[in-house]
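First the structure, in the form of structure tokens, and then the observations on it.
Residue numbers begin at 1 in each chain, while the letters A, B, ... track the order of the sequences. As the structure is a computational prediction, the values presented were derived from the model and not from experiment.
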Amino acid sequence: MAKKIKTAITPTREEDYSQWYQEVIKASDMAENSPVRGCMVIKPWGFALWENIMYEMNAMFKETGVRNTYFPLFIPLSYLEREAEHVDGFAKECAVVTHHKLEKGADGRLVPAGELAEPLIVRPTSETIIGESMSKWTTSYRDLPILLNQWANVVRWEMRTRMFLRTSEFLWQEGHTAHATKAEAQERTLQMLDVYTRFVEDYLAMPVICGRKTESERFPGADNTTCIEAMMQDKRALQAGTSHFLGQNFAKGSNIKFQNEEGQEAYAWTTSWGTSTRMIGGMIMVHSDDDGLIMPPRVAPAHVVILPIIKKGGDNAEVMESTNALKQALNAKIYHGRRVEVEIDARDIGGARGWDWVKKGIPVRIELGPKDIANNAVFMARRDTNEKKAMDRDAFINGIIDLLDDIQGTLFQRALDFRKAHTLSIDSKEKFYTLYKGATGYENGAFVYSHWCGSKVCEETIKKDLSVTIRCIPFDSPAEEGACICCGNGSKRRVLFAKAY
RNA sequence: CGGGGCGUAGCGCAGCCUGGUAGCGCGCCUGCUUUGGGAGCAGGAUGUCGGAGGUUCGAAUCCUCUCGCCCCGACCA
């Protein structure tokens with residue numbers, strides 16, 4: 001008997017949350033670091049997850065009339081300057097291309113040559129270059145709305161990176177729309193935030209709080225930024241998606257003009273909205289445990305792994321035949337429009353095999369040996385609850401859809417309960433400070449609803465003192481008279497405070 | 001970008017102070033034994049000790065520079 005290890009992942013969440021996070025990713029085989037600083041290699045198990053996310057979200061976008069496009073990776077430097085706040089927001093983290101070829105230098109090594117007349121930046125986001133096209137495509141109100149999306153990579157030269165949560169290059173989707181009226185653009189902003197809410201809650205099983213960002217947390221160049229915020233297991237908040245109402249700021253910068261029904265020239269109203277591979281980081285931190293990754297069935301690359309019990313040198317033909325038949329029977333079942341995906345792992349490596357799949361987060365594991373076959377049974381283990389039991393084979397096959405739905409529901413409910421258990425309303429500044437002063441590591445305080453007077457000074461004071469920010473002004477925060485948690489002045493509603501990723 | 005820590009086999013680490021040419025555990029390969037569970041025994045493979053210079057007869061070890069990772073801060077999806 002080898003030494004008994006309690007958890008598949010060390011350290012545990014409680015011991016060292018950030019280290020645990022890194023280890024979960026490594027153990028799941030989703031991704032690893034690349035030779036380039038701050039960039040990551042997404043491996044098949046991780047990319048399959050992203051593909052499922054893209055597939056499902058893409059369908060949701062299209063239902064709202066959005067169409068996919070592709071715009072260039074490179075953007076002329078001057079475009080960035082078209083919107084003043086945009087410059088301030090992104091200039092300091094842009095990768096810049098200044099040369100177009102390499103030549104051999106004196107020592108035989110390659111050096112950049114052929115300096116560009118105008119440097120190009122690698123897109124940190126694409127408002128400006130898409131705005132350029134929109135301005136060409138828009139002459140009449142009949143050309144509007146324009147509803148575009150693209151799945152792409154972007155680069156933001158980050159000082160501090162973490163896998164999936166913040167990498168220098170990341171994958172995302174960015175939606176960009178232009179409208180004839182302010183109201184329509186505002187409506188679109190909320191419509192897309194609602195798509196995000198539904199996707200993140202229904203597919204990633206992460207409950208979110210929807211709201212509006214304060215002025216200081218707004219997207220650079222936006223009139224209004226809305227967001228969805230989720231609670232991680234260390235009680236910190238993660239912004240899982242944002243949707244911006246850009247007013248006419250970018251329309252003016254990019255000259256997106258049209259003639260309205262009255263024949264007058266007008267600037268369009270634009271929006272943009274995005275979600276990224278960061279959501280995967282959120283999914284990991286919301287659901288996973290000390291044995292590794294846990295994936296919600298609706299986005300998992302595979303739903304079931306079958307582990308045939310095989311004997312080395314023995315006759316395993318019957319077991320393998322039964323395994324393949326089970327896989328086929330499961331494949332025939334449709335889970336929310338997608339067939340039930342099954343992996344078979346017939347490696348003869350003992351119990352380590354099962355642990356590999358625990359760490360990969362697959363929702364259901366099935367052990368299938370001669371005894372099960374004789375009894376027309378399977379031995380089933382759920383990743384979410386760790387429940388293990390022998391089941392009638394046909395009952396398992398016929399119940400697989402319900403089982404997966406149950407796992408999906410359990411994950412969402414568990415995350416919701418966790419958030420509720422760590423959400424407070426606080427009216428005393430002293431209590432507020434005490435809570436967050438002691439907040440480190442796994443215990444990063446809570447989600448706190450407190451009153452805020454609306455002053456930037458108060459917001460900054462709290463940020464400076466406690467590293468706590470206003471995550472959002474929740475849409476469902478009721479009108480309620482109160483005193484600002486920081487200065488005590490009058491406030492009309494509570495806002496959501498938390499430490500954030 | 002500031003402060004701190006760390007890069008040695010696929011993974012986790014020891015060796016470094018007091019230079020002498022690399023080791024342990026897990027994993028991997030082979031064989032036998034096991035078999036409803038992260039197996040046991042025996043044998044075996046794998047390292048330009050992150051990279052580049054320097055000091056030295058000799059560098060994983062000392063010095064300089066550099067790249068990368070992790071943590072804290074500032075910044076940020």
Side-chain angles (χ1 to χ4, degrees), chain A residues 1-8 10-11 16-23 26-27 29 32-40 88-93 124-125 154-174 196 213 216-220 225 227-230 237-244 272-282 291-292 307-314 316 319 347-359 365-373 375 377-381 388 390 440-441 463-464 467 469 500-501:
Chain A
M1 193 80 179
K3 64 186 170 212
K4 195 79 181 175
I5 300 170
K6 273 190 184 164
T7 59
T10 49
D16 188 339
Y17 193 78
S18 16
Q19 194 62 34
W20 165 84
Y21 175 75
Q22 307 285 344
E23 296 298 328
K26 193 181 290 179
D29 206 35
E32 62 190 32
N33 278 310
S34 77
V36 181
R37 178 196 169 87
C39 297
M40 64 193 289
D88 292 343
F90 290 110
K92 58 189 174 295
E93 53 187 36
T125 180
V154 285
V155 168
R156 296 180 188 175
W157 212 263
E158 297 290 348
M159 292 300 115
R160 187 177 170 188
T161 59
R162 315 174 92 163
M163 290 234 253
F164 289 112
L165 292 177
R166 177 166 296 108
T167 45
S168 292
E169 178 192 19
F170 58 93
L171 304 182
W172 78 345
Q173 61 69 215
E174 49 179 324
Y196 289 161
K213 285 292 189 191
S216 59
E217 298 272 334
R218 246 177 234 160
F219 176 76
T225 287
C227 63
I228 52 175
E229 297 279 334
L238 181 92
Q239 180 177 302
T242 50
S243 183
H244 317 289
S272 69
W273 25 278
T275 55
S276 70
T277 37
R278 185 177 222 214
M279 282 190 298
I280 294 175
D291 285 329
L307 308 169
I309 306 298
I310 50 179
K311 314 260 187 224
K312 204 175 197 176
N316 300 306
V319 173
R347 290 176 299 165
D348 180 25
I349 56 171
R353 182 176 61 162
W355 283 102
D356 274 0
W357 290 98
V358 170
K359 290 183 282 191
R365 305 191 303 284
I366 290 295
E367 292 170 5
L368 187 63
K371 288 183 204 166
D372 302 300
I373 294 168
N375 297 329
V378 297
F379 192 79
M380 185 277 295
K388 293 172 187 169
T440 52
K463 185 176 179 183
K464 211 177 147 195
S467 298
T469 49
Y501 274 96

Look through every strand shown and name the nucleotide pairing with [N] as Watson-Crick or G-U wobble, where both distances are under 3.5 Å.
{"N": "B:C6", "answer": "B:G68"}
{"N": "B:U48", "answer": "none"}
{"N": "B:C75", "answer": "none"}
{"N": "B:C17", "answer": "none"}
{"N": "B:G27", "answer": "none"}
{"N": "B:C32", "answer": "B:G40"}
{"N": "B:U56", "answer": "none"}

Tell me, do [X] and [Y] make a side-chain contact under 4.5 Å, heavy atoms counted?
{"X": "A:M163", "Y": "A:K26", "answer": "no"}
{"X": "A:H244", "Y": "A:R218", "answer": "no"}
{"X": "A:F379", "Y": "A:I309", "answer": "no"}

When the [atom1] atoms of [N] and [M] are considered, how many whole Å apart are they?
{"N": "B:A22", "M": "B:C67", "atom1": "C1'", "result": "24 Å"}
{"N": "B:A14", "M": "B:C26", "atom1": "C1'", "result": "15 Å"}
{"N": "B:G50", "M": "B:G36", "atom1": "C1'", "result": "45 Å"}
{"N": "B:C28", "M": "B:C69", "atom1": "P", "result": "29 Å"}
{"N": "B:U33", "M": "B:C70", "atom1": "P", "result": "47 Å"}
{"N": "B:A9", "M": "B:G53", "atom1": "C1'", "result": "26 Å"}
{"N": "B:U55", "M": "B:G38", "atom1": "C1'", "result": "50 Å"}
{"N": "B:G7", "M": "B:C16", "atom1": "C1'", "result": "14 Å"}

Integer-rounded Å distance: [N] [atom2] and [X] [atom1]:
{"X": "A:R365", "N": "B:G38", "atom1": "CZ", "atom2": "P", "result": "14 Å"}
{"X": "A:D348", "N": "B:C29", "atom1": "CG", "atom2": "P", "result": "11 Å"}
{"X": "A:L307", "N": "B:G36", "atom1": "CG", "atom2": "P", "result": "15 Å"}
{"X": "A:I310", "N": "B:U35", "atom1": "CD1", "atom2": "P", "result": "15 Å"}
{"X": "A:K388", "N": "B:G38", "atom1": "NZ", "atom2": "P", "result": "11 Å"}
{"X": "A:D356", "N": "B:C11", "atom1": "CG", "atom2": "C1'", "result": "13 Å"}
{"X": "A:Y196", "N": "B:A77", "atom1": "OH", "atom2": "C1'", "result": "11 Å"}
{"X": "A:W172", "N": "B:A77", "atom1": "CH2", "atom2": "C1'", "result": "8 Å"}

Restricting to non-hydrogen atoms, name the atom on [X] and the atom on [Y] that form the minimum distance, rounded to 0.1 Å.
{"X": "A:L368", "Y": "A:A377", "answer": "CD1-O, 3.7 Å"}
{"X": "A:S276", "Y": "A:F170", "answer": "CB-CD1, 3.7 Å"}
{"X": "A:T125", "Y": "A:V154", "answer": "N-CG1, 4.2 Å"}
{"X": "A:L238", "Y": "A:G282", "answer": "CD2-CA, 3.5 Å"}

Using a heavy-atom cut-off of 4.0 Å across all strands, would you classify [X] as base, sugar-phosphate, or nothing?
{"X": "A:T242", "answer": "nothing"}
{"X": "A:G369", "answer": "base"}
{"X": "A:T167", "answer": "base"}
{"X": "A:L165", "answer": "base"}
{"X": "A:F170", "answer": "base"}

Tell me yes or no: between the side chains of A:T275 and A:Q173, is some donor less than 3.5 Å from an acceptor?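 Judged by distance alone, the side chains do pair up.
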Just by protein heavy atoms under 4.0 Å, how would nucleotides 69-75 of chain B read 5' to 3' in B, S and -? SSSBBBS
More than 12 heavy atoms of other residues, nucleotides or ligands under 6.0 Å from CH2 of A:W157: yes or no?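 Open.
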Only counting residues at least two apart or in another chain, list the ones meeting side-chain hydrogen bond (donor to acceptor under 3.5 Å, both in side chains) with A:E23.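 Here the qualifying residues are A:Q19.
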First of A:R353 and A:G241 reached from the 5' end of RNA chain B, by closest nucleotide: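 Mapping each residue to its closest nucleotide by heavy atoms, the 5'-most match is A:R353.
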Would you check, one step at a time, whether the test side chain to side chain contact (heavy atoms under 4.5 Å, CB included) holds for A:D29 with A:D356? CA-CA 9 Å; A:D29 206 35; A:D356 274 0; over 6 Å; no
Protein-nucleotides 12-14 of chain B N/O pairs under 3.5 Å:
unit_1, atom_1, unit_2, atom_2, d
B:G12, OP1, A:K26, NZ, 3.0

Under 3.5 Å donor-acceptor, A:R156 side chain and A:P124 backbone: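 Indeed, once roles are kept as given, a pair shorter than 3.5 Å links the two residues.
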Between B:G36, B:C28, B:A77, which nucleotide has the shortest distance from any of its atoms to the side chain of A:D372?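 Closest nucleotide among those given: B:G36.
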